[in-house]
Amino acid sequence: MTNALDLLQSLNLLDETERIEAKRATEAGKSLLETVCAFANEPGLGGGWLLLGVVREDMALFPSYQVEGVPKPDKLCADLATQCREVFNLPVRLELSTEQVGGLAVVVAFVPEAQPQDKPIFFKSQGLPKGAMRRIGSTDQHCTDDDMAVFFQGRQRDSFDAALVPDATLGDLAPEALDDYRQARAETNRDAEELRWSNEELLRSLGCIAKDAGGTWRPTVAGLVLFGQAQALRRCFPMTRVDYIRVPGREWLPDPERRFDTIELRDPLFRLIRRAQAAVLDDLPKGFDLPEGELQRQDKPVIPQRVIREALVNALMHRSYRSHGPVQIIRYANRLEIRNPGFSLKSPEHLGEPGSEPRNPRIAAVLHETRFAETKGSGIRVMRETMEQAGLTPPLFESDRAVDQFVARYFFHHFLGAEDIAWLARFKDAQLSSDDTRALIVVREAGAIDNATYRALNKVDSLSASAALRRLRDIGLLAQRGRGSATYYVPAERLGVAEPSEGAGGNLSSKPSGLSSKPSGLSSKPRGLSSNPSGISSNPPAPSEVSERKRLDDEARHILIDDLPGSLAARLGAIGQRHPPQEIQSIVVDLCGLRAWRVDELSLVLRRNPEVVRQNYLRPLMREGRIAMTRPEEPNSPQQAYRVTQAT
């Protein structure tokens, strides 16, 4: 077992990690047990260590953990062992020891990973899925239905894509889609035995049809997604499509009088991938190449075609088909952004490493054997390497469990062009290494960087990445935000780049420029959010004050919109001043389904006076029972907010 001094040293070097957690732990409380549950459940982690009797100094610039000691270590060990035996569905057996550090007693607890057939471990009082935990970075997260699928796949249970679609029949499958599969399969292996089977035999072997309780053959989710007729896909999965959205400019700053250009695609999966790829390639900026000995130039998309194909396949293969929402491809002036429903089942810290945790194993198997997808677990690594070979800014990936979404960003920007070199020359006195320059270019383009991105960018270990980022912070080029595995860095004033909005946290999943991991619920008022959005005053403000107030309100609106799913943000961007009230009410319901919203927040994102929001949208929706107050006993409370009702 790793001893207490080794664990303490690791904490002070790297902070809390995926496998190490420090707690004051004077008793075996719920927080401690949740970490035990998470360590026991996390696939492939191999368990984790708890160091009890240690506290973090929050005011320190560097991770600093101090030994506080456990007053009654024997009692704590006994209580913890008892709780781990009784509160979970199956006993969790810890390895416990008491050690002395600086004359104070600390407890070291090793939590072994549970066997696949025993997962998930969960709190009996809460049940599944909420009572089970996973270890994501240095945090303990409540499980979702998709997490359950990961655990049950370890037990050889059926995944969601193997489920029957009740109102679908074999007539909903398109013969031409099956022909498309046969052709793709023959191109990879002409001798594949399944090419000689009938359509029904082929569909059964791929897990695309199965018998229902009455003995009737019906398509599974995988069958309909892979081979379904367009009409059947619209009927059974109305929102399971691909939206290609073209946004003017670099940011989501929608003009309320301007609608986005959007193409909606809905087809069997092979055709859908090809159509989506064609839509992207037709619209991307082009460069050209004149190979030696050739007389005619060759136009090439600014992002390599292989990257685009792999990105689209990843999105459609790993998306959550439980979620009724589209995959969105958003084309900005400086980047391509692909958003798909369903967070990564693989820990964000391990993206790009060998091994895969497919959410849809039957769909994944078909795409792998037809060579649409790379070898398992290598897709992100291939995209990173291909972008690097093309001299482009590395792609950025984020996985946000809070909104159940995965986002990939591919920048058009070439590394260290003339403009970059001129910009970096301003910091000659900083004696930047080549690794430092790459990191600063990413910060300039993306608005933030974290340890995982630095590691992937420069191929260094976690400790080297932490040291390099701290040095850039100490010389005044970066500013640190967050803590632990949630630490990230934004541009400092000296860098001359606009800093992302405050309130972002976590990994690179929800920071501005789309890099943030803050859940959609804002716990505090965003920077620039006026407490009096209507601007009511007894004295008319000066023109400069009006301009400043508008700037602050616009800034606050952008912060709020940045935290929304792309489809909802697009609908907000399309709202004009004469938009039908019923459509805006529908948007309000969708907003309140994500989290509780205050009137001043709704007023900002809808660009409406607060009283108009109350009278035209909130009150009619409350009368219909679609939304409700969070504080019904205090209707005039300044903190009053609105959420959807359970019936909605």
Side-chain angles (χ1 to χ4, degrees), residues 18-19 21 30-31 33-48 87-90 92 111-163 221-222 314-315 317-325 340-351 353 355-364 376-377 380 397-407 485-486 506-507 509-510 517 519-520 565 594:
E18 194 174 27
R19 299 196 70 195
E21 177 102 0
K30 185 177 181 182
S31 174
L33 293 171
E34 285 181 340
T35 303
V36 169
C37 184
F39 280 149
N41 277 330
E42 187 58 30
L45 187 63
V87 302
F88 300 121
N89 60 312
L90 293 173
V92 177
V111 185
E113 182 179 345
Q115 294 298 311
Q117 64 270 20
D118 293 335
K119 294 180 185 179
I121 301 297
F122 61 92
F123 288 88
K124 290 187 288 188
S125 61
Q126 292 180 275
L128 292 174
K130 189 177 179 182
M133 310 293 295
R134 283 192 66 180
R135 185 72 174 174
I136 306 298
S138 62
T139 64
D140 307 320
Q141 301 280 341
H142 288 282
C143 287
T144 67
D145 287 335
D146 283 324
D147 291 311
M148 294 299 101
V150 172
F151 298 137
F152 293 148
Q153 283 170 29
R155 300 185 187 182
Q156 302 300 309
R157 293 197 185 182
D158 282 341
S159 55
F160 180 74
D161 65 344
V221 171
N314 264 16
M317 180 170 67
H318 294 301
R319 67 152 293 164
S320 171
Y321 287 96
R322 299 176 192 271
S323 300
H324 296 289
N340 58 272
F343 61 88
S344 173
L345 297 181
K346 195 172 186 178
S347 173
E349 293 188 354
H350 299 299
L351 289 175
E353 296 179 4
S356 179
E357 292 182 22
R359 178 180 269 107
N360 307 297
R362 282 166 173 74
I363 294 173
K376 291 184 178 180
I380 283 180
F397 304 103
E398 64 176 75
S399 178
D400 194 331
R401 296 174 68 93
V403 295
D404 194 25
Q405 181 176 247
F406 187 84
V407 182
S485 66
N507 51 36
S509 71
S510 327
S517 65
S520 54
L594 295 173

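Residue numbers run from 1 in the order of the sequence given.
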Over all heavy atoms of both residues, which pair between [X] and [Y] is shortest? Give the atoms and the distance, please.
| X | Y | answer |
| --- | --- | --- |
| S323 | P341 | CB-CB, 3.7 Å |
| D140 | A38 | OD1-CB, 3.5 Å |
| A364 | P358 | CB-CB, 4.2 Å |

Test of understanding: with side-chain contact (heavy atoms from CB on, under 4.5 Å), list the residues that count as partners of [X], not counting sequence neighbours.
| X | value |
| --- | --- |
| A132 | N41, P120, F122, L128, C143, M148 |
| Q115 | Q117, D118 |
| K130 | Q126, H142 |
| T144 | D146, D147, F343 |

Check: What pairs with Y321 under ring-ring contact (aromatic ring centres under 6.0 Å, His included), at least two apart in sequence or on another chain?
Finding: none
Notebook entry, point to check: Atom CG of L33 and atom CZ of F123: how far apart are they, to the nearest 0.5 Å?
Noted result: 5.0 Å
Next item on the list: Output the distance between atom CZ (R359) and atom CG (L345), rounded to the nearest 0.5 Å.
Entry: 4.0 Å
Would you say the side chain of [Y] lies within less than 4.5 Å of the side chain of [X], judging by non-hydrogen atoms?
| X | Y | result |
| --- | --- | --- |
| M133 | I121 | no |
| F39 | V92 | no |
| Q405 | N340 | no |
| S159 | R362 | yes |

Item checked: Residue list, side chain to side chain donor-acceptor pair (under 3.5 Å) with R319, at least two apart or on another chain ->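 Per chain and number, R319 pairs via side chain to side chain donor-acceptor pair (under 3.5 Å) with no residue.
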Next item on the list: Look only at the side chain of D161 and the backbone of I363, and say whether a donor-acceptor pair between them is shorter than 3.5 Å.
Entry: yes
Check: Does the N360 side chain pair with the main chain of M317, one donor and one acceptor, at a distance under 3.5 Å?
Finding: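 Side chain of N360 to backbone of M317, a donor-acceptor pair under 3.5 Å: yes, one is there.
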Checklist line | Check against side-chain contact (heavy atoms from CB on, under 4.5 Å), V407 and D400 | finding: CA-CA 8 Å; V407 182; D400 194 331; over 6 Å; no
Note to self: Under the criterion side-chain contact (heavy atoms from CB on, under 4.5 Å), I'd like the reasoning laid out for F406 against N314: C-alpha separation, chi angles, the key distance, then a yes or no.
What the structure shows: CA-CA 10 Å; F406 187 84; N314 264 16; over 6 Å; no
Next item on the list: Only one of R134, K119, R19 passes side-chain hydrogen bond (donor to acceptor under 3.5 Å, both in side chains) with E42; say which it is.
Entry: R134
